Structure formats: structure tokens, C-alpha cells
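Please read the structure below before turning to the comments.
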Number of protein chains: 2
Amino acid sequence: MAKKIAAKDRNVTIDDIAKAANVGTATVSRALNHPELLRKDTREAVLRVVHELGYIRSGAAMALASNQTFTVGAIIPTFNNAIFAASIAGFENELSRENYTLLVTVSNFDPEQEIKQLRKLLERGIDAILLIGLDHSEQVFDLLERSRCCVVSIFGSSKQSRIPCIGFDNPKASEAIVAHLVSLEHQHIGMISGITDGNDRARDRKNGVISALQTHGLNHDPSLFIEKHYSHSQGRQALRTLLDQPTPPSAVICGNDVLAMGALFEANSQNIQVPQQLSITGFDNLPITEHLRPSLTTIDVPSEKMGIEAAKSIIENLRSGTTIQSKLLKADLLIRETTGKAAP
Amino acid sequence: MAKKIAAKDRNVTIDDIAKAANVGTATVSRALNHPELLRKDTREAVLRVVHELGYIRSGAAMALASNQTFTVGAIIPTFNNAIFAASIAGFENELSRENYTLLVTVSNFDPEQEIKQLRKLLERGIDAILLIGLDHSEQVFDLLERSRCCVVSIFGSSKQSRIPCIGFDNPKASEAIVAHLVSLEHQHIGMISGITDGNDRARDRKNGVISALQTHGLNHDPSLFIEKHYSHSQGRQALRTLLDQPTPPSAVICGNDVLAMGALFEANSQNIQVPQQLSITGFDNLPITEHLRPSLTTIDVPSEKMGIEAAKSIIENLRSGTTIQSKLLKADLLIRETTGKAAP
DNA sequence: GTCGATAATGAAAGCGCTTTCATTTTTGTG
DNA sequence: CACAAAAATGAAAGCGCTTTCATTATCGAC
């Protein structure tokens, strides 16, 4: 059986180009990476051959030789949350503008998986990595340190973080919500929080609420604080539980918009008037929330901006070695229609 | 300034391990990749050293030497659509089960960007790639062919596809919607379609509607067919336009759930009763749609399943070279509350 | 023209692995 | 206990680039 003529079963390499263009491999490499170092005619000749032969560089070889990959990794908890999607979209846009590629990976909120994924990313070779929040296992910090890989975390708000972090003040946002509800004369406030174990954002939001409650001289009733995974159905279920309490809350603060939407849907189902009979607040300001009926009062989290800023910092660090400064972006309360005066 | 003792500024390599364990590099490599080839004591000795020194392999070197990366790429149109999120989640889960890593990249619905991203992925070195749909520029097919990279496409439904494709029958789903609406006595049917240019899924869905209309002897009024980008606001806007027509439709078929939600929100805003005054259908069955009030009649697209099946096929191909068979999954009409009898 | 300075180029040494092939060790058998 | 066969191991040759360093070509000034 005749093999295809002239097409050895092997990719075109830099040597092929060099030979065809009658130059050294160093010149080919320069034509591709530092064109300004070459005389115009050589450069063009080389590039022409590159085109003709449909040459594709081997990233592996490049990475091995130069010790950089122009790849940045990211480990997010899940793909199923529009809020991370927005951050990642911003992050990736900014990176690709500078010709970096993004490698996204998912931990499913599982610390073990996070370690595994990080390990894989580091093996694969990345120039920097994006993490969500500040709760990470010791091994994560260990690996990061040992590999001297550039790191940034987003969504978190801790000041004494071990890694630079571009986020916003979660507790403060919670306080703004409580203050708003208090101004509407709510006394009996419940919360549907995300799972706080291993999730600093959820914890910060919950603790922010609790401490704000105390600031305003309100009672923190633990039976009115429920933790749920982020999903519409869990939100619905949680609201049902809350309404079954001996003295149900007049306002429910939700740990994110998905939970809040769940609560809102459940209220709709039960023909409970929002906000006349029940106030509900969210967290994140997902695009859909403004279209809901009633539209959701929530925190306008700078998700895309965090991604963009993180990418900018990383690129600057990679270019010039500047250490990355933590940044606190603002996240304002967005008062819409799901909050109103407490029923007397 | 004293350097850290013993910590040369260099990563631990396989040679360090070999030296420390007093074996050859081949043995270290085997301990990591083919442990069964080693005697128990050597294997354990090597692995112990690996642990002690916190050794992390260089993926670049591995890739270069073995010509495989255990990385699979994916190019999706956007991160901002839960439907792709579900597919990608399934895909990545299945891949990581077999120790492959997923590299996700975004084209923003732009053919040029798609080429660029593909090129980058191929440079980076991937063992396989996942594409969405079947509309791709010639260059994409070209690159794919030349690199002999394993490819799968999902979401498409064309039989004579140039690449294996695990999808469902978009036109058929459209027909089911039309049949349903016709059975509810709708005569005047409009559509808010996605942008069909360069998007075979959107086109298939739209053409499916048009041809079904004809099958049922209904008139296809082009002024009732609008193309919009997938977003809530575009959906709202489109419905406004549709309602401004001299004879507005009694039912609106939407190209996906996001557009449908937009339409539904707009109807809510204008106090138009759905489905009494207007029927609306979606496409995709996003998790949220069942919670809407009224809940959305839509097509239950097997998004996660496509991702899973694609991953399985890829893994099998990579393992044993089996050529990938196209698969047609089913996508059934889900009749919920946004469709009802046409107003007389 | 000539000469020193500068720009352009090429040869070759890695980068850190995998894998082949030869060599050594272990095992089983008579 | 000897010996062939099988199992375990190591030496070394790449994989396809980048980059240093030496060499050659080009240029400008006299």
C-alpha cells in the first residue's frame, strides 16, 4: 500500500522550515518570536515558507525550551453559575488580548478535587493561576509556593490574605442589605445562605448579616438561618422550611441570586406577595434578576471587573515582575422591587 | 544576601529524583507511568523520594517526549449561556474521570476568533477537540485535517457532516413545536430566532419552523421572523417589535430559552396574559425555565448528555483508535404552561 | 578602498522527559 | 547448583524548540 507521497507522517518542524528557507533554525525562531531582529527579506522569506508548509509550532517544545507557556489557569467551583461565567469571560477576554490562553478547570466545591486540578495545571505548565475566594487547603498554598507560580484570587475580601486578592467586601455588602431591611422596619430577618464550610464568601456574607443584625439590636435566631447549595430548588425548599417556622421571617436574605430566585419562585407558588408579605434579597446581580417580576433587590457584584482586573495584574506581573496588589472593588446594594416595608 | 540553602532556583527534575533514589531516569519515569513494570521495593523507594522532594513533572517535557498531552480542547461560542455550561460540565467530568484535562476557549461567535483559538490550541498540543455545531470556516477544517487531531462536534444535527457529531435533530424539534402550536389552533405564528449567520443550530431551528409551517398549510410571514442575539433584553425587544406588527402573532417560537424568557418578561411587563393571549415556546430547557411563572414550554435538549457522550467517544478513540460515530440523541418537546389555545 | 563598529545569522547546547535497546538481575527447572 | 528464560533496570538518543556565543555580512566614516 503506497503511502501518501511526500507526506511523511510527522508534523512540520522548525528544521523543515529552516531547510526549506535555507537558513538556520535560530533564524526561523527569530522570525516567529522577534521579527525585528531579522532583515526584512530573510524574515519574509521564512514567513512565506512557514505559510506554505502550514507550519504549527510545538507548544510543548516552546514551553520546554523557554520555560513559559503563555497559558494561565483558573480553578472555579462550578460551570453552573453565571456569576463565575461573567468573571471568567472578562478574565479570558483580557488575557487573549495579550495572547495568553486560559485553561479553565472545575473543583465542584471539593477541596480534594481542587488540589488535584491545581497539580495538573502546574504539571501542564502555567504562567499564572486564578483562584476563587480564599478558602483553600494547606496543600494548595504549598504547591503554589513551591512552584512560585503567580496567583490571584477573586471574589474574596479578606485583608490578611495569603495571596493577592481582587475582590469586594462581602461582609460590608451584607451589612448594607441588613441596614436596608431595617430601614424598612423589618425585625424578623431570616437568611438562606450558601454552604459556608470551605467557602469564605458564603461565610463572610452570613457573618456579615449576623453581626449587622446585632449592630441594629436585632435578635439572631439560628432557626431562621439555613444553609443550602446554590440552586433554584434548594432555594425554594429553604423558603418552605423558613415559612414553616413558628414565627416566620418578614424578610429573607439570600446568599446569592440563584437561591433568591428559588425563594421568589416559591413565594410565587404559594401566592405570597413579594414584597408586601415578604421581602427577599439576593447577591450577585445576575443579568436575569432585573427582569424578574418583581425585580430582585440584590448586591451588584463586580464579577466581570474582577476578572478583568485580575488578568491585568497577572499580565503586568508576568511582564515586569511587579508584585500584585490586592484590590477592593465596590459592590453596591441595588434596591429593586423585592424589598418593601415590613408587614405590621 | 544569602540564598536559601540547598534550594537552587530550579525545579526538581527527574534527574534529581533518579540521583536521590539511586536509580536511572528510566526507572523514575516507569515508577510514574508504568508502575507495574517495577519491582515493588524500587517502585516504593522512587515514589517516596518523589513525595519527599515535592516533585512535579514537566508537562511540556512529557508532551514533547511522548507526543501526547492528555489535554482536550473545546471552543465554545460563549461562557454566558447556561446551555453550553451544562455540556461542558458533563464533558469535563467525563474527561477528568480518565485523567484528561479540559482546555476551554471562547470564540464569541466570531469565525476569525475561532480560527485563532483553534490554532492556539493545536500549538499548545491537544489530543482531541470539541466544537459546537457544524458551521466552521474552511480554515478550521483545514487545520483540523492537517493536524490529524481527533474532533467531535456537539449540538448539530446534520447527517452529512464533515466531522463526527453528537447532537440532536434541531429541525425535527422545531417541527414538534409547530405541530404542538397548530394543535392548539394557532394560525399566526412568529419566531424570535437566534442569529442564523454562521450558526447552523439557529438556522436549523428556524428552517425547521418555516418548513413545518408550510407542511401544516400555514403562511410564513417573514415580518414575523426576527433574528436576535441571545439575551433577555434582545428577546424583550423582539417581542415588542412583533407586537407592533399590523397582525401580531398569537404564538411566538423562540430560538432558545434566553430569548423566550425575554419574551415572557416583556409580556409580563405589558400585562399580556401568557398563554391566554399569547403562547411562547423556548428551546434548551434551562433549569430555571420550569420555575418560571408560567413555566416555559420548551425543547428538552440533552446538553449534558452530549458532553458526556462526546467525552466517551473521544476517550475511546484516543485509547484504541476507533473512529468516532456520529450520534443523534433525542430532544423532546416539553409542554408546560406558556402554550395554550389560540385566542379566538 | 579600508577599517572598526554594528547588524544579521548559524551552530550547537540544552530544556526534562520517554523509550529503545542492551545489560544485569531474578526466577524457574532439571 | 547450573542454565536458559523472563523480569528489572540503566544508558543514551531523541522530541522540537530557544538562546548563547561565535562568526559572517553590512555599513559608515575617513
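So you know, we letter chains A, B, ... as the sequences are listed, proteins then strands, and number each from 1. Computed from a predicted structure; not experimentally measured.
Candidate nucleotides D:dT9, D:dG10, D:dT19 were compared by shortest atom distance to the side chain of B:Thr42, and D:dT9 ranks first. Comparing D:dC15, C:dT18, D:dT18 against the side chain of B:Leu64 picks out D:dC15 as the nearest. Here the nucleotide nearest the side chain of B:Ala65, chosen from D:dC17, D:dG14, C:dA11, is D:dG14. The side chain of A:Thr27 lies closest to C:dT9 when the candidates are D:dG10, C:dT18, C:dT9.
The base of C:dT6 has none of its N or O atoms less than 3.5 Å from a complementary donor or acceptor on the side chain of A:Arg39.
Residue contacts for B:Val23: at a heavy-atom cut-off of 4.0 Å it reaches the sugar-phosphate backbone alone, with no base atom in range. When heavy atoms are screened at a 4.0 angstrom cut-off, A:Asn22 is found touching the sugar-phosphate backbone but no base atom. Heavy atoms of B:Thr25 sit under 4.0 angstrom from at least one base atom. At a threshold of 4.0 angstrom between heavy atoms, the contacts of B:Asp41 with the nucleic acid are absent.
Between A:Glu114 and A:Arg119 no salt bridge is recorded (no basic side-chain N to carboxylate O distance below 4.0 Å). Look at A:Glu98 and A:Lys312 and you find no salt bridge, because none of the NZ, NE, NH1 or NH2 atoms lies under 4.0 Å from a carboxylate O. The pair A:Asp142-A:Arg146 counts as a salt bridge, with a side-chain nitrogen and a carboxylate oxygen less than 4.0 angstrom apart.
Toward the 5' end of DNA chain D, the nearer of the two residues A:Ala60 and B:Gly24, judged by each one's closest nucleotide, is B:Gly24. Nearest-nucleotide positions on DNA chain C place B:Ala61 closer to the 5' end than the other of B:Arg30 and B:Ala61.
For the pair B:Glu123 CD and D:dC15 P, the interatomic distance rounds to 20 Å; values are reported in whole Å. Rounded to a whole Å, the CG atom of A:Leu37 is 13 Å from the C1' atom of D:dT18. To the nearest angstrom, P of C:dG10 lies 14 Å from CD1 of A:Ile17. Between the NZ atom of B:Lys40 and the P atom of D:dT9 there is a distance of 14 Å, rounded to whole Å. Taking atom CD1 of A:Ile14 as the reference point, atom C1' of D:dT19 lies 11 Å away to the nearest angstrom. When rounded to the nearest whole Å, the span between CG of A:Asn67 and C1' of C:dG14 equals 13 Å. Summarising the geometry, the separation between CD on B:Gln68 and C1' on C:dT19 is reported as 13 Å, rounded to the nearest angstrom. The interatomic distance linking A:Glu36 (CD) with C:dA8 (P) rounds to 10 Å, in whole Å.
Nearest heavy-atom pair, B:Leu329 versus B:Pro302, reported as atom, atom and distance to 0.1 Å: CB-CG, 3.9 Å.
Every residue two or more places apart in sequence or in another chain that forms a salt bridge (charged side-chain N to carboxylate O under 4.0 Å, His left out) with B:Glu94 is listed here: B:Arg97.
Checking the phosphate oxygens (OP1, OP2) of C:dT18, a side-chain nitrogen or oxygen of B:Ser29 falls inside 4.0 Å. Between A:Thr13 and D:dC15 there is no side-chain N or O to OP1 or OP2 distance below 4.0 Å. Remark: B:Asn33 is in phosphate contact with C:dT18, judged by side-chain N or O atoms under 4.0 Å from OP1 or OP2.
Sorted by first then second residue, the ring pair (Phe, Tyr, Trp, His ring centres under 6.0 Å) pairs that include residues 61-107 of chain B, not counting sequence neighbours, are B:Phe70-B:Tyr100, B:Phe84-B:Phe155.
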